[in-house]
Amino acid sequence: MKKIYPFILLIFTGLLMSCGDDFLEPLPESAVSSESYFSNDDEIESGVIGMYDAIQGINSNNLTDNFSIQREYYLTEMRSDNTRTKSSEGEAAQFESYTVTASNGIVSNYYISFYEIIYRANLVLSSLDAASPEKAASFEAEAKFVRAYAYFNLVRLYGDIPLIDRLIGPLEREISYTRVATSEVYNLIVSDLQTAVSGLDNTYKNRASRAAAQTLLAKVYLTQGTNYAEAQTLLESVIGSGFSLEPNFKDVFYTENNNEVIFAIGYTSDLTSDSQNISAEWLNSVGRTSGVNYVTADAREALDNLGGSRTPYSYRQDAAQPTQYQVAKYIPNGDTNLGIAPTASNPELAGNDWIILRFADVLLMHVEAILAGGQQTSATAAINSFQRVRNRAGLTTPVTSITKEDLLAERRVELAFENHRFFDLVRFGAAQQVLSAFSDANGYSFNATDLLLPIPQREINLSNGLMSQNPGY
């Protein structure tokens, strides 16, 4: 549940109004033109809150609004073998069939939304001279965590992208539209997260924390396929920081700020400005759609075979259309059969927090770090972390060794529909094989170039020749 700071939001609202359109609509949809607006700790704090508002996105059906993570599942789960549309129609169906076009509005909205997050982080960083000595380091650490998080998602989805690490002027078009190598983006991400690890504590779950920065940095190292030893050290630090698995898998998603949550984006029920309609969109004719992010037969089979006690709280049969199956995480209007209470009087104004990092992910990445790119491990530390996750699911048969395939399968059923599957397939080097087979079985058209999304065509048009497109689009 999102914590509201009325005086901070009032300050931030006033600043937004004074800044004009450049703040809300960065030019050129991936950059900004602005001077520093924050002159003291309270105003900088308002800017910090604004970063999380940008991640939260706007609960709206207006396609010109920034949806941010509220539409992230299209770009992740629906490009994997986990979910699909119910109707196989419209722009949404491009993701499941691997026919995404450069003019796809969802692709463009996410790109714009995440550069808005980066802008707001850069705005905070530009104001550090106005911060008190007591607060400057924590403001810097928090803003750099958010910037790193945004760039990490963008670079994994779009590949080479513009790298904007400061506020820029309206005439600085080259930095706005020049795509730099992913290695440069990762250098900034790692540097930002190292600063965040040093400057944060574990006070928050709905804001950046040291544990969140350590977890994200470890995932960055695993994604790069380098520095496995440092990733293991970071994850072991988080494991020793007091987090734990919730005994009941359901409580992970329906008890706010529980012991398993490391970093989540907070939402507040029945409040248009702070609620989400993510989960309503997943239902049958409840949200704006007629049902998206529906569970594939492939994912159901994996959960039925490997999910254990997680399965009932991962997917459910659609009562209105029994041949269809819905995601059962974050249900906004309740389910009496599952013992889930409604989270809002209006499911389109849901208050379910969206979990980005949780302890089970840490335990499974710990195994991955110990594997260190290898095919199998029998290391005691890896077995212990792997077994903890399986034990919670009621799968208590002792494990004596873990293969890379075992780990990928376990991550699939543990983290199903939480926007990890596509990234996991790419990181494990399995995306080409798995998605090609899935595509062939369903009559889709996957090929290797689909591992990256297109740069939005509107950005390329605005660049006047500075920006190139990804292959295949």
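These numbers come from the heavy atoms of this one structure, side chains and all, not from hydrogens, waters or symmetry mates.
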For this session: Please test Y115 against Y119 for ring pair (Phe, Tyr, Trp, His ring centres under 6.0 Å), starting from the C-alpha separation and ending with a verdict.
Result: CA-CA 6 Å; Y115 272 106; Y119 163 59; over 10 Å; no
Problem set entry | Residues Y254, Y313; criterion ring pair (Phe, Tyr, Trp, His ring centres under 6.0 Å); working and verdict | CA-CA 10 Å; Y254 296 102; Y313 303 105; 7.8 Å; no
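Using modelled atom types and a 3.5 Å distance limit, the side chains of T76 and E72 yield no donor-acceptor pair. Residues Q56 and Y267 bring no donor and acceptor atom of their side chains to less than 3.5 Å of each other. Side-chain contact, E116 with N66: no donor N or O sits under 3.5 Å from an acceptor N or O. A donor-acceptor pair shorter than 3.5 Å can be found between the side chains of N277 and R71. Using modelled atom types, one finds a donor on one side chain and an acceptor on the other under 3.5 Å when comparing T101 with S103. Side-chain polar atoms of T64 and N62 form a donor-acceptor pair below 3.5 angstrom. E96 and S88 form a side-chain donor-acceptor contact under 3.5 Å, judged by distance and modelled atom types alone. Checked by atom type, the side-chain pair Q326/Y315 shows no donor-acceptor distance below 3.5 Å.
Within the model, atoms CG of D353 and CZ of F263 stand 10.5 Å from one another, a figure rounded to the nearest 0.5 Å.
Inter-residue side-chain proximity for R120 and V124 is flagged as unmet; no heavy-atom pair is nearer than 4.5 Å. Annotation: side chain of R156 is in contact with side chain of N153 (closest heavy-atom distance under 4.5 Å).
A salt bridge does not link R421 to E77: none of the charged nitrogens lies less than 4.0 Å from a carboxylate oxygen. Using a 4.0 Å cut-off between charged side-chain N and carboxylate O, R358 and D361 make no salt bridge. Using a 4.0 Å cut-off between charged side-chain N and carboxylate O, D81 and R412 make a salt bridge. Using a 4.0 Å cut-off between charged nitrogen and carboxylate oxygen, R147 and D192 count as a salt-bridge pair.
Partner of F422 under the side-chain contact (heavy atoms from CB on, under 4.5 Å) criterion, chosen from L425, N419, V426: V426. Each of Y74, F95, W282 was evaluated against N293; a single residue qualifies, W282, per the side-chain contact (heavy atoms from CB on, under 4.5 Å) test.
Note: F243 and F359 have parallel aromatic rings, judged against thresholds of 30 and 60 degrees for the angle between ring planes.
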